[in-house]
Amino acid sequence: VLDEIEQYIHQHTASLGELFDALAEETRETLPLPQMQVGRVEGQLLRMLIQLSGAARVLEIGTYSGYSALAMASALPAEGHLITCDIDPVATQVAQRYFDKAPWGSKIELRLGPAVDTMRDLVRAERRFDLVFIDADKTNYSNYFDAAMDLIPVGGLIVVDNALWSGAVLAPDSEDATAIAQLNEKIASDPRVEQVLLSVRDGIHLARKVR
Ligand code: SAH
Ligand code: CA
């Protein structure tokens, strides 16, 4: 039943365009773990979050082959900018090739290296972001959330992907599941944010900094 409803949701959500479908297909055919890309439904949701919030400066943690970066960047205003980081030179080569194909791709800046280092550099440079999308290694999720809180102003939004980890957060049986479950609790009890944990796809935790 769950698979069927996921299929129904996919069928009743518009494609983001040919470029996205081509990227999804190339990823499935040439890269390991293609299910990691956010896909159509979450891609559309991210795009809508950017549009609704009016975010112009976006930071992404976890590029992979670029689907989510491309989706978010497509909704940025003319002066908008998105920095995305990853440690995988192979997947990000695919990403960069698709960024180069998209008319809005020049808004995307790819930084190769551990995200903790990239975020520390951005904090030191006093860079500011309206929206941070966290989607890299789960054991660092709490570190990414802390750094993101330093990088967004009051009103900024943090979006945490895979917040349900296929349901494993109910009874964490791995380091990844434990890390995600701990971050969910931390966010839910953080007085600096207003938040909602969504069951979209693999779970998306939204946290808006209010103080
Ligand atoms: N948002 C992407 C999917 C990201 S998958 C999309 O929609 O397509 C998670 C990515 O996190 C992988 O590409 C992996 O290489 C990257 N990653 C893992 N550890 C990392 C680290 N320490 N720093 C930065 N990226 C990391
Ligand atoms: Ca993900």
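Atoms within a ligand are numbered from 1 in the order they appear, just like the ligands themselves.
Of the residues Lys209, His205, Arg208, the one that meets the side chain to side chain donor-acceptor pair (under 3.5 Å) test with Gln195 is His205.
Between Tyr67 and Phe20, the ring-plane angle classifies as perpendicular under the 30° and 60° cut-offs.
Ligand 1 has Thr63 within reach: a non-hydrogen atom of the residue lies less than 4.0 Å from it. Close to ligand 1: Pro114, with a non-hydrogen atom less than 4.0 angstrom away.
When hydrogens are left out, the protein atom nearest atom 6 (C) of ligand 1 is Ser68 OG, 3.4 Å; that is the closest non-hydrogen contact. At the shortest separation from atom 21 (C) of ligand 1 among protein heavy atoms lies Asp137 OD1, 3.3 Å. Taking atom 10 (C) of ligand 1 as the reference point, the nearest protein heavy-atom neighbour is Asp86 OD2, 3.4 Å. When only non-hydrogen protein atoms are considered, atom 9 (C) of ligand 1 lies nearest to Asp135 O, 3.1 Å.
The Asp88 neighbourhood of ligand 1 comprises atoms 15 (O), with distances under 4.0 Å to a heavy atom of that residue. Every atom of ligand 1 is numbered from 1 in the order shown, and the set under 4.0 Å from a heavy atom of Tyr144 is 21 (C), 22 (N), 23 (N). Each of the following atoms of ligand 1 lies closer than 4.0 Å to a heavy atom of Gln37: 6 (C), 7 (O), 8 (O).
Between Ala115 and ligand 1, an N or O atom pair is found at a separation short of 3.5 Å. For the pair Ser65 and ligand 1, the shortest N or O to N or O distance does not fall below 3.5 Å. Ligand 1 has no N or O atom lying under 3.5 Å from any N or O atom of Asn140, backbone or side chain. Considering backbone and side-chain N/O atoms, Gly66 never comes within less than 3.5 Å of an N/O atom of ligand 1. Backbone and side-chain nitrogen or oxygen atoms of Ala136 are examined, and none is located within less than 3.5 angstrom of a nitrogen or oxygen of ligand 1.
Not one N/O/S atom of Ser68, from backbone or side chain, sits under 3.0 Å from the Ca ion (ligand 2).
By the 4.5 Å heavy-atom criterion applied to side chains, Ile50 and Leu76 are counted as neighbours.
Looking at Asp130, its side chain never comes within 3.5 Å of a backbone N or O of Ala55 through a donor-acceptor pair.
Here the closest heavy-atom approach between residue Ala115 and residue Ile61 is recorded as CB-CG2, 3.5 Å.
Residue-level proximity to ligand 1 for Thr118 is absent, since no heavy atom of it falls below 4.0 angstrom.
Between Asp21 and Ser15, the side chains place a donor N or O and an acceptor N or O closer than 3.5 Å (distance only, hydrogens not considered). For the 3.5 Å distance criterion, the side chains of Glu60 and Ser68 qualify, holding a donor opposite an acceptor. Using a 3.5 Å distance cut-off with no hydrogens or angles, the side chains of Tyr141 and Asp176 do not pair a donor with an acceptor.
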- Task: For Glu126 and Arg128, run salt bridge (charged side-chain N to carboxylate O under 4.0 Å, His left out): C-alpha distance rounded to whole Å, both residues' side-chain angles, the deciding distance at 0.1 Å, then the answer.
- Result: CA-CA 6 Å; Glu126 295 184 25; Arg128 276 283 183 265; over 6 Å; no
- Message: Apply side chain to side chain contact (heavy atoms under 4.5 Å, CB included) to residues Leu49 and Phe133 and explain how you reach the verdict.
- Response: CA-CA 11 Å; Leu49 286 174; Phe133 178 54; over 6 Å; no
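Looking at Asp161, its N, O or S atom nearest to the Ca ion (ligand 2) turns out to be OD2. When you scan the N, O or S atoms of Asp135 for the one nearest the Ca ion (ligand 2), you land on OD1.
Within 6.0 Å of CD on Glu109 lie more than 12 heavy atoms contributed by other residues, nucleotides or ligands.
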